J.: 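Handing you a structure now.
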Amino acid sequence: MPTLAIVLGLMLWGQLGSAQSPNPSSKLEFEVATVRAAKPDEPGGGIRPLPGGQTYTAKNVPVALMIRLMFHLTPNQISGGPGWINTDRWDVDAKAEHPASLDDLHIMFQNLLIERFNIKFHHETKELSVYALVCDKGGSKMQPNTGPDPYDIPIQGAGRGKLVGKRVPMSYLTWFLAGLPWIGRPVLDKTGLTGFYDFNFEFMPPQVIAPGSPETDVGPGAEGPSFFTAVREQLGLRLEPEKGPVEIMVIDSIQKPTEN
């Protein structure tokens with residue numbers, strides 16, 4: 001079972017805007033982009049935008065993870081595709097002609113993946129176990145942030161069981177929560193919050209026995225609030241288990257890219 005550190009190591013390299021299929025009539029593309037197979041012995045890896053809002057880079061990353069990040073999906077929202085999409089690793093360097101919002105950069109990266117990997121896909125909707133993220137009785141305790149886009153990762157680790165959020169939209173928060181191993185299911189935004197928010201969040205990292213089980217939230221003798229309690233007390237939000245419609249991306253075909 002992945003630890004919190006491993007989960008954050010994957011998630012903190014990728015910041016997501018709103019997930020959407022590119023609109024062919026207003027297609028956003030990088031001006032220059034290279035995609036190449038990573039070196040077999042290359043250590044580590046990650047994917048992130050660089051300061052300035054113009055460049056995106058990925059090092060030693062499977063295409064399945066790139067799809068997850070760019071299309072704002074959890075692992076159980078991707079279906080189909082050959083095994084190599086999870087095992088083969090790739091390096092990507094892409095630069096836009098002008099600085100762009102992170103939402104636009106992610107659409108550019110979506111288009112890049114579709115073109116270079118010749119991805120054909122369709123969407124299906126399935127009824128799955130989910131968490132609904134809702135506001136608690138007292139309302140949100142997060143601080144609104146109306147400042148400019150800093151082109152930085154919105155949720156970052158600040159030590160064991162500590163997270164700092166800066167200019168976080170609910171679309172990112174729900175995706176981030178869904179990727180934690182003790183959640184283990186999609187999270188639907190039912191907060192009604194449409195802005196960007198700052199917060200400090202501290203909890204006792206769980207001992208995961210079964211994904212999605214609040215009862216196994218913390219181990220015996222643990223100190224500090226459980227994760228689910230901290231969400232309510234520190235963010236003013238609640239995670240409520242329910243069944244709900246979830247959009248699934250079904251990969252019909254995908255090909256390894258040719259040399260640039």
Side-chain angles (χ1 to χ4, degrees), residues 1-16 43-48 60-62 64-65 68-69 72-77 86 128-136 138 140-143 145 152-191 193 196-242 246:
M1 183 61 67
T3 65
L4 177 62
I6 294 174
V7 171
L8 292 178
L10 288 173
M11 300 176 81
L12 295 182
W13 272 71
Q15 178 178 356
L16 302 181
I47 178 169
R48 68 178 304 159
N60 201 27
V61 177
L65 179 57
R68 278 179 53 200
L69 295 173
H72 204 169
L73 302 171
T74 57
N76 53 0
Q77 288 178 271
N86 292 295
L128 299 177
S129 295
V130 302
Y131 277 109
L133 185 67
V134 301
C135 287
D136 201 24
S140 168
K141 296 181 180 179
M142 302 178 293
Q143 298 300 313
N145 183 331
D152 202 359
I153 297 162
I155 299 179
Q156 302 200 33
R160 184 173 183 267
K162 296 181 180 180
L163 300 171
V164 176
K166 294 292 185 184
R167 205 174 183 274
V168 182
M170 291 302 98
S171 60
Y172 185 88
L173 180 58
T174 51
W175 174 84
F176 183 89
L177 294 174
L180 296 173
W182 52 88
I183 299 296
R185 62 180 73 171
V187 177
L188 305 182
D189 176 22
K190 296 187 177 182
T191 63
L193 302 173
F196 298 86
Y197 301 89
D198 295 346
F199 57 80
N200 292 302
F201 185 65
E202 186 171 353
F203 62 99
M204 178 56 63
Q207 292 183 344
V208 179
I209 298 175
S213 299
E215 292 80 7
T216 62
D217 195 26
V218 294
E223 297 180 359
S226 73
F227 181 81
F228 287 82
T229 298
V231 169
R232 186 177 67 253
E233 293 181 347
Q234 299 174 28
L235 303 185
L237 307 174
R238 294 196 318 275
L239 285 161
E240 298 183 342
E242 59 180 49
V246 177

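A quick note: this is a predicted structure, and the numbers were derived from the prediction, not measured. Numbering of residues begins at 1 and proceeds along the displayed sequence.
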J.: The test is side-chain contact (heavy atoms from CB on, under 4.5 Å); show your working for Leu133 and Leu173 and say whether it passes.
T.: CA-CA 9 Å; Leu133 185 67; Leu173 180 58; 4.0 Å; yes
J.: Does any part of the side chain of Met204, heavy atoms only, come nearer than 4.5 Å to the side chain of Ser226, both counted from C-beta?
T.: no
J.: For the CG atom of Asn145 and the CZ atom of Phe196, what is their distance to the nearest 0.5 Å?
T.: 8.5 Å
J.: Give me the atom names and distance for the closest heavy-atom approach of Tyr131 to Pro241.
T.: CD2-N, 3.5 Å
J.: What pair of heavy atoms forms the shortest contact from Ser140 to Leu193, and how long is it?
T.: CB-CD1, 4.0 Å
J.: Identify the two heavy atoms, one from Gly44 and one from Asn60, that lie closest to each other, and give their separation to 0.1 Å.
T.: O-ND2, 2.6 Å
J.: Using distance only, find each side-chain donor-acceptor pair of residues 231-239 under 3.5 Å and give its atom names and separation, not counting sequence neighbours.
T.:
residue	atom	partner	partner atom	Å
Gln234	OE1	Glu202	N	2.8
Gln234	NE2	Glu202	O	2.7
Arg238	NE	Glu240	OE2	3.1
Arg238	NH1	Cys135	O	3.4
Arg238	NH1	Asp136	OD1	3.0
Arg238	NH2	Glu240	OE2	2.3

J.: Within the side chain of Asp189, is there an N or O that forms a donor-acceptor pair under 3.5 Å with the backbone of Ser171?
T.: no
J.: Could you check whether Arg185 pairs with Glu242 (Lys NZ or Arg NE/NH1/NH2 to Asp/Glu carboxylate O, under 4.0 Å)?
T.: no
J.: May I ask you to test the Thr229-Phe203 pair for a side-chain heavy-atom distance under 4.5 Å?
T.: no
J.: For the residue pair Arg167 and Tyr197, would you count it as a cation-pi contact if the rule is NZ or CZ under 6.0 angstrom from the ring centre and within 45 degrees of the ring axis?
T.: no
J.: Apply side-chain contact (heavy atoms from CB on, under 4.5 Å) to residues Val168 and Ile155 and explain how you reach the verdict.
T.: CA-CA 7 Å; Val168 182; Ile155 299 179; 3.9 Å; yes
J.: Please work out whether the ring planes of Trp175 and His72 are parallel, tilted or perpendicular, with thresholds of 30° and 60°.
T.: perpendicular
J.: So which heavy atom on Val246 is nearest to which on Pro186, and how close?
T.: CG1-CG, 4.0 Å
J.: Assess the residue pair Lys162 and Gln156 against the criterion (side-chain contact (heavy atoms from CB on, under 4.5 Å)); give the C-alpha distance rounded to whole Å, side-chain angles, the decisive distance to 0.1 Å, and a yes or no.
T.: CA-CA 9 Å; Lys162 296 181 180 180; Gln156 302 200 33; over 6 Å; no
J.: For Thr74 and Ala178, which heavy atoms make the closest approach, and how far apart are they?
T.: CG2-CB, 3.3 Å
J.: Kindly give the heavy-atom pair with the smallest separation between Ala158 and Val164, and that separation in Å.
T.: CB-CG2, 3.8 Å
J.: Hey, what's the ring geometry for Phe201 with Phe199, parallel, tilted or perpendicular (30° and 60° as the breaks)?
T.: perpendicular
J.: Which is it for Trp182 and Leu177 under the side-chain contact (heavy atoms from CB on, under 4.5 Å) test, yes or no, and what are the steps along the way?
T.: CA-CA 9 Å; Trp182 52 88; Leu177 294 174; over 6 Å; no
J.: Whether the side chain of Thr174 engages the backbone of Met170 through a donor-acceptor N/O pair (distance < 3.5 Å, no angle test) should be reported.
T.: yes
